[in-house]
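Read the structure below first, then the notes.
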Number of protein chains: 2
Amino acid sequence: MRRLILDTAMKLFIEEGYDAVSMRKIASRIEYSPASIYTYFADKQDIFFELHNEGFTKLFRKQTDVQGILDPVQRLLSHGRAYLEFAFENPQYYDIMFIVRHPGERIIKDNTWECGMRSYDLLKRNVSECKNAGYFTNEEVDAVAFILWSTVHGIASLHIRQRLAIMELNKDYFTNLIENTLKLIRNLIR
Amino acid sequence: MRRLILDTAMKLFIEEGYDAVSMRKIASRIEYSPASIYTYFADKQDIFFELHNEGFTKLFRKQTDVQGILDPVQRLLSHGRAYLEFAFENPQYYDIMFIVRHPGERIIKDNTWECGMRSYDLLKRNVSECKNAGYFTNEEVDAVAFILWSTVHGIASLHIRQRLAIMELNKDYFTNLIENTLKLIRNLIR
DNA sequence: TTAATATACTAAACACTGTTCATTTTGTCA
DNA sequence: TGACAAAATGAACAGTGTTTAGTATATTAA
């Protein structure tokens, strides 16, 4: 039942966007009364937090798939590519994971963000291994990891929230956004 | 009257957040009926777009304040500092300008984003002048400008949407977020 | 001054929203 | 079959953005 609710919520969210996910719409799709949902979830925020968790499971799988790459710099770049690909392929998941307010409020309330930290720790490990291989010699692992995350998140969130829509003018650069970004990041690594 | 509505909307937005800005609340604060607002604004989105424009005016002023700096690298860094300071000092404005969905939808509809492009062009000019001074020799101006914007936006939006809340553990780095980020960016410039 | 027009404003309604609660239905175990 | 727990519900509460028909108030023209 929980599954059914979550799947329906995600389906609505993906098909029709955030505003389409109302308790009543979920309920009517599964032919239940709106009140029934509250047997399985405390509130709407709860549903979104669960979907947020599932998004992280998907992202983490995509990122671990790439951990086999031996060269640490190539591994770090592929890690970044996996992140950006995930964001561009699953904009709705990305939205709840990193942009929508609801999960952010829960992160504060719980004072923990397990799934988020798991992904971030993987990034830090990859940065750290680049450092061991002689890169980022003057920088702290934490600082580098954070700025890399910020950069890819910046691209993803500007795109998802439509702030790059008119940028299509400079199509040269923006058609191959991910690869160009990674190339530029590669150039900065030394 | 338009001003009164905008000021009230912004006051509510700043004081009590996005959810507090309802047509009825704005109306009751100015002791008008909700329907009256529709004489001055087409819809709620219209109000937010206007506030979004005002945010850009504020940001642009802050950024031009710094254009007097002669050294192009120092100027670019100060430009970035101004952006980040604006975001951290005016999170609600930043939110409507770069994160909230409403203005994004209008950008698509109008197929233009004047105020956004004005700011972005200033950034490109600063990058370009660094290039003229012998930096970023192997990179395109557009690419550098874009990745710099992404980076600072990434930081700002992760912060504003509460995804750095638990990061306070590593206070060493995160207390002086802006300066540390700029220092790191400085190290990457060559 | 009066009549006509334009502007400003509103009450009421429409179709929604998340959530709660008393009540009923259903399922399981003794 | 009876008892108890779990699941499901209709109805209501208080809220949302927006529309519409109608009224009050200015402004302009004769």
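In this structure, B:Glu179 pairs ionically with B:Arg81, as a charged nitrogen and a carboxylate oxygen lie closer than 4.0 Å. A salt bridge links B:Asp95 with A:Arg101; the closest basic N to acidic carboxylate O contact falls under 4.0 Å.
Counting to the nearest Å, the C1' atom of C:dT17 and the NZ atom of B:Lys44 are 12 Å from each other. Put simply, CD1 on B:Ile30 is 9 Å from P on C:dC9, counting in whole angstrom units. The CG atom of A:Asp46 sits 14 Å away from the C1' atom of C:dG18 (whole-angstrom rounding). Between the NZ atom of A:Lys25 and the C1' atom of C:dA15 there is a distance of 12 Å, rounded to whole Å. Between A:Asp43 atom CG and C:dT17 atom P there is a gap of 17 Å when expressed in whole angstrom units. Atom CZ of A:Phe41 is separated from atom C1' of C:dG18 by 16 Å (rounded to the nearest Å). Between the CG atom of B:Leu12 and the C1' atom of D:dG17 there is a distance of 16 Å, rounded to whole Å.
A donor-acceptor contact under 3.5 Å links the side chain of B:Arg24 to the base of D:dG17.
A donor-acceptor pair is defined here as one N or O able to donate and one able to accept, closer than 3.5 Å; no such pair exists between the side chain of A:Asn90 and the backbone of A:Tyr93.
Between the side chains of B:Tyr83 and B:Trp149, at least one donor N or O lies within less than 3.5 Å of an accepting N or O. Side-chain contact of A:Tyr94 with A:His153: a donor-acceptor pair under 3.5 Å is present, judged by distance alone. With 3.5 Å as the limit, one finds no donor-acceptor pair spanning the side chains of B:Ser36 and B:Thr39.
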With 3.5 Å as the limit, what N/O pairs link the protein to nucleotides 4-9 of chain D?
from: D:dA8; atom 1: OP1; to: A:Tyr32; atom 2: OH; distance (Å): 2.8
from: D:dA8; atom 1: OP2; to: A:Tyr40; atom 2: OH; distance (Å): 2.4
from: D:dT9; atom 1: OP2; to: A:Ser33; atom 2: N; distance (Å): 2.7
from: D:dT9; atom 1: OP2; to: A:Ser36; atom 2: OG; distance (Å): 2.7

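Side-chain proximity of B:Met23 to C:dG18, D:dT16, D:dG17: nearest is D:dG17.
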